[in-house]
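In listed order, ligands and their atoms are each counted from 1.
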Amino acid sequence: MNKRFLVLIGAVVMCISTVHNSFAQGGMWIPMLLQNNQKDMQSKGCKLSAKEIYDVNNASIKDAVMLFGTGCTGEFVSKNGLVFTNHHCGYYQIVRHSTVDHDYLTNGFAAKSTDEELPCPGLTVTLLQYMKDVTDEVLKGVSSSMSEQQRKAVTDENIKAIIEKATQGTNLTAQIKPLYYGNQYMMYVNKVYKDVRLVAAPPSNIGKFGGDTDNWMWPRHTGDFSVFRVYADQNNEPAEYSKDNKPYEPKKFLKISLKDKQEGDFTFVMGYPGTTRQFLTSYAVEDIQNLEDPARIKLRTEILDVYKAAQEQSPAQRLRYASDVASIANGWKKWQGEVKGLKFLNAIEKKQQQEEGNALMKEFKRLYDDGRRYKMEQLYISEAVLASDFMKQARRLLSLIDISRDDSVSDIVLKTEADNLLNYLQKYYNNDFRQHRAVDSTVFLRTMVIFYNDFAKDNYTFLNNKVSSAKSVSDYFAQIYAKSILTNPAKIEKMLKNYKRKDYKKLIDDPAIELLSPVWGHYINQTAGKLKENNAKTDSLYRIHVAKILSDYNAKGNKDVSMNDGIFPDANLTLRVTYGNIAPFKPKDGVEYRHYTTIAGIMEKEDPNVYDYVVEQKLKDIYYNGDTSPYGDRVAFIATNHTTGGNSGSPVMDAEGNLIGLNFDRNWEGTMSDVLYDKDLCRNISLDIRYCLLIIDKYLDAKNIIDELEIIK
Ligand code: ARG
Ligand code: ASP
């Protein structure tokens, strides 16, 4: 069938069902309103009622699920506050407890008793007590004739008062978040537990097997889990770390099922998805697909090239850049998948068809045209200008200069700031400055050249004049790097050690400052404010746009999503439920991917010479000696649950609510799901809970952990 014909059919289908988000298109549902999904969930195989998943008065599954840290999900798996989450969610804690003598990152770790568990100051888990629709209270006093600023002033006041009323005299915290761009407001009342300890982690070459090479990909063989425990005071309430604290007793913990899972089986995921943008207009999607993602990808490709080449030099260098590379590569790879997926789905045309005849679109277009330059400037500042350590230090030096010029800042504060900067720089110079210098100067050069050619040349006259008098663009930047005081440790240390207010005069002529000061100044003084204003206007237009979608939906009169096509508010890092079925998928013509992977695939991928694919002898022994019972050889599986960043570590449950997996990623072909979900292409990737238990039991020999779990065979 030719493509034009397909598009035509697409248009016809679109006219028949002019919905923006139908339940067949995924969904991240509000637990409190799950009643509306009950029929649909049960028709897909769920054996639970909505109340068994979310209930305020009785223990329900929601009591087993937590926001882990600030951007992941975790779940209770024992009556003694034991928590499962992903290895990449516990990564920072595992690294921080690792030393050369106890390299838990490389070798793994398992506390054999609670005494051996490792405190993680700063790490919190947040347990939702209840959520409440507070729309009427938040919008009290708001009228349609108000300006955006007036509206915001009123709602901010209201929000403050509602939160105070809900939390006063308690140990609760509360948050109110807008849904549907402020058409609805929801309050989330929480308890935040602050004593969380590391219990176990697999070695890196299990927990991060496949590394960045396999990241965002299926088929996958990553044992992406780690184990923590939440502690509480004598009354089971939140408390700062203390030796006297006791393991927290959750209202509910998840039982674990070892039963075999088949294609088509019902699964659901409860967790904290961070951000989706389902309601974006075609103009926004066009910008993402054709401007923003490509610019980010181009810059990060350069940066990764430099870091990866350095990593090839030695094992020490590989480690040195490991965590930078992991985070830079994560977005880099996701955006590539997103662009591909949006194109494949003809997302822009689909949106355009939905927008036909909509009177708001003219204004949307105007706002996107106006805001584009500001958005791109912000993107280039964060992705290019501040990509190198050199410019990051220059940014700090610039603040020191700024406060030196400000007479209202006392000498003591000034001294503290100079000391802080000195401390910071000394760490940086001590480590491996000699070799890092070559890497960082290259990152600086390459990102600045792109910044100049792709953005600054057309937008900043002050740079044009300077660059045109240099030998070449790259020579202009190379000179800055070579001549700055920041690349001369002895000189800058000397200055900062006895820093006097008037020293700033020697610094303002520094080439790094001469470059950064006008660039940063332009962004802060001219662009940031306009961007904020543009965003506020765009958001309020979306509020009107989405209100219409909601009222069309409500006019149908039936909230049951199995009767109506349901719509859901974008993810906003609050507790949601998504459900679907275990399912294979076809990434491209002629290829079909099975819905699960096995340990055999780990052995197939093994390559002792490639860091990402090293397999420990002990895992081989376990596998080849057939010593995997009762867990078997499954490693990971995929399903149609609609998830996003923040869902990592979320419990993946079966029809009865038993834990069968830990969500940790999506397939590359489906990463456009944040903007446009497609049930044929989008899959969430989960660690099979049996592989997690196999590693805990047979690899880490932590029978104490296994004994705590409630396992259904
Ligand atoms: N892609 C997953 C997510 O977005 C996992 C990231 C961590 N793993 C990695 N190899 N960088 O968080
Ligand atoms: N890997 C993501 C996370 O860390 C999950 C995803 O984007 O699907 O939350």
Visitor: List ligand 2 atoms under 4.0 Å from G646, heavy atoms only on the residue side.
Guide: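 In order of numbering, the contacting atoms are 3 (C), 9 (O).
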Visitor: Taking only heavy atoms of H88 into account, list the atoms of ligand 2 that are under 4.0 Å away from them.
Guide: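 Counting from 1, the qualifying ligand atoms are 1 (N), 3 (C), 4 (O).
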Visitor: Could you tell me whether a side-chain N or O of D654 sits under 3.5 Å from a main-chain N or O of N658, the two making a donor and an acceptor?
Guide: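 Checked: pair present.
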Visitor: At under 4.0 Å between heavy atoms, is it the side chain or the backbone of W216 that contacts ligand 2, or both, or neither?
Guide: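 Contact part for W216 vs ligand 2: side chain (C-beta onward).
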Visitor: Check whether H642 reaches the backbone of G27 with its side chain - one donor and one acceptor, N or O, closer than 3.5 Å.
Guide: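 Indeed, once roles are kept as given, a pair shorter than 3.5 Å links the two residues.
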Visitor: Can you check whether Y596 and F637 have ring centres sitting under 6.0 Å from each other?
Guide: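 No, they do not, as the ring centres are separated by 6.0 Å or more.
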Visitor: Could you list which atoms of ligand 1 come closer than 4.0 Å to a heavy atom of A326?
Guide: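 Within the 4.0 Å cut-off of A326, ligand 1 contributes 11 (N).
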Visitor: Taking only heavy atoms of K208, which atoms of ligand 1 are found under 4.0 Å from at least one of them?
Guide: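 Answer for ligand 1: 10 (N).
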Visitor: Could you check atom 5 (C) of ligand 2 against the protein and tell me its nearest heavy-atom contact, residue, atom and distance included?
Guide: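 Nearest protein contact, heavy atoms only, for atom 5 (C) of ligand 2 is S648 OG, 3.4 Å.
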Visitor: Exactly one of Q311, Q435, H436 should register a side-chain hydrogen bond (donor to acceptor under 3.5 Å, both in side chains) with Q317. Which one does?
Guide: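 Passing option: Q435.
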Visitor: For ligand 1, which atoms sit closer than 4.0 Å to a heavy atom of G211?
Guide: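 Matching atoms, with element in brackets: 10 (N).
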Visitor: Among all protein heavy atoms in this structure, tell me which lies nearest to atom 12 (O) of ligand 1, with the distance rounded to 0.1 Å.
Guide: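 The answer is H88 NE2, 3.3 Å.
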Visitor: Using a 3.5 Å distance criterion without hydrogens, assess whether the side chain of T597 forms a donor-acceptor pair with backbone atoms of R220.
Guide: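 Yes, T597 side chain to R220 backbone: donor-acceptor pair under 3.5 Å.
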Visitor: Counting non-hydrogen protein atoms only, what is the nearest one to atom 11 (N) of ligand 1? Give residue, atom name and distance.
Guide: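 Nearest neighbour among protein heavy atoms for atom 11 (N) of ligand 1, to 0.1 Å: D212 OD1, 3.0 Å.
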Visitor: Are side-chain N/O atoms of Y631 and D697 paired as donor and acceptor at under 3.5 Å?
Guide: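 Judged by distance alone, the side chains do pair up.
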Visitor: So, applying side-chain hydrogen bond (donor to acceptor under 3.5 Å, both in side chains) with Y579, which one of T267, T640, D40 is it?
Guide: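 That would be D40.
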Visitor: Is the closest heavy-atom distance from K334 to ligand 2 below 4.0 Å?
Guide: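 Contact check K334 vs ligand 2: negative.
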Visitor: If only side-chain N and O atoms count, and only distance matters, is there a donor-acceptor pair under 3.5 Å linking S673 with R666?
Guide: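 The answer is yes; a qualifying pair exists.
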Visitor: Is there any N or O on N215 that sits under 3.5 Å from an N or O of ligand 1?
Guide: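 Right, the criterion is met.
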Visitor: Look only at the side chain of D665 and the backbone of W216, and say whether a donor-acceptor pair between them is shorter than 3.5 Å.
Guide: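 Yes.
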Visitor: How far is atom 7 (O) of ligand 2 from its nearest protein heavy atom, and which residue and atom is that?
Guide: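 Answer for atom 7 (O) of ligand 2: R666 NH2, 2.9 Å.
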Visitor: Among protein heavy atoms, which lies nearest atom 2 (C) of ligand 1, and at what distance?
Guide: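 Of the protein heavy atoms, D665 OD1, 3.1 Å lies nearest.
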Visitor: Is R197 salt-bridged to E117, going by a charged N under 4.0 Å from an acidic O?
Guide: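 No.
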Visitor: Using ring-ring contact (aromatic ring centres under 6.0 Å, His included) as the criterion, point out the one residue from F84, F253, Y248 that pairs with F76.
Guide: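 Passing option: Y248.
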Visitor: Could you list the atoms of ligand 2 found under 4.0 angstrom from a heavy atom of G645?
Guide: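 Those qualifying, in numeric order: 2 (C), 3 (C), 5 (C), 6 (C), 7 (O), 9 (O).
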Visitor: Can you report which non-hydrogen protein atom sits closest to atom 3 (C) of ligand 1, along with the distance?
Guide: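 Looking at atom 3 (C) of ligand 1, the protein heavy atom closest to it is N330 ND2, 3.7 Å.
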Visitor: Which is it for T644 and ligand 2 at heavy atoms under 4.0 Å: side chain, backbone, both or neither?
Guide: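 Just the backbone.
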Visitor: Heavy-atom pairs closer than 4.0 Å: do any link ligand 2 to the side chain of N647, the backbone, both, or neither?
Guide: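 Only the backbone of N647 comes within reach of ligand 2.
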